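Predicted model, so just to flag it, every value in this text is computed and none were measured.
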Amino acid sequence: RLLHEMRASARERSRYRRNLLRRRLVLGDLVISTGLGEIERSDLIGLLIDARVRYVGSPTLRMAVRKQGQEHERGEADS
């Protein structure tokens, strides 16, 4: 029983790590696809923090940002 629990726990940790890696790769690809792949790390962090503050506080901005993102995705799909 203990061995079974240890194996299940190891599988769960492995699944978590794979999903985290996949998410990081997707987010990195998104940064690059928007043309921000070459900016300084601290600049990117600042941009994301600034965007988060504004985004959370404004439903109107969220709608505009979502529309812009969808248009970007459609443009990439056409490429």
Side-chain angles (χ1 to χ4, degrees):
R1 174 176 147 84
L2 179 59
L3 185 57
H4 176 72
E5 289 175 6
M6 289 173 64
R7 286 180 180 159
S9 177
R11 279 192 303 273
E12 184 61 33
R13 281 191 312 272
S14 178
R15 187 175 310 124
Y16 173 80
R17 286 192 305 266
R18 278 193 314 273
N19 288 337
L20 182 60
L21 177 60
R22 187 175 302 120
R23 183 158 173 77
R24 288 177 177 174
L25 289 171
V26 167
L27 291 173
D29 285 345
L30 292 172
V31 168
I32 291 167
S33 77
T34 58
L36 295 173
E38 298 299 322
I39 70 169
E40 293 291 324
R41 179 183 171 165
S42 57
D43 293 346
L44 179 60
I45 292 169
L47 282 169
L48 292 171
I49 291 170
D50 181 62
R52 182 193 66 212
V53 169
R54 290 197 243 181
Y55 180 84
V56 168
S58 173
T60 305
L61 180 60
R62 283 198 303 272
M63 285 176 34
V65 166
R66 182 172 295 123
K67 182 179 179 194
Q68 191 174 17
Q70 290 168 343
E71 289 171 0
H72 180 78
E73 287 178 322
R74 278 194 297 275
E76 281 192 338
D78 294 340
S79 301

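- Side chains of D50 and L47 form no contact here, defined as non-hydrogen atoms less than 4.5 Å apart.
- Side-chain atoms of L48 and R52, non-hydrogen and from C-beta on, never get closer than 4.5 Å to each other.
- E40 CD: 12 or fewer foreign heavy atoms inside a 6.0 Å radius.
- Contact record, S33 with E76: CB-OE2, 2.8 Å, taken as the closest heavy-atom pair.
- Heavy atoms from other residues, nucleotides or ligands lying under 6.0 Å from CD of Q70 number more than 12.
- In the hydrophobic clustering of ILVMFWY residues, with side-chain heavy atoms under 4.5 Å counting as a link, L36 and L30 come out apart.
- Atom CD of E5 has more than 12 heavy atoms from other residues, nucleotides or ligands within 6.0 Å.
- S58 and R62 form no side-chain donor-acceptor contact under 3.5 Å, judged by distance and modelled atom types alone.
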Check the pair R15, N19 against side-chain contact (heavy atoms from CB on, under 4.5 Å), reporting the backbone distance first and the verdict last. CA-CA 6 Å; R15 187 175 310 124; N19 288 337; 3.9 Å; yes
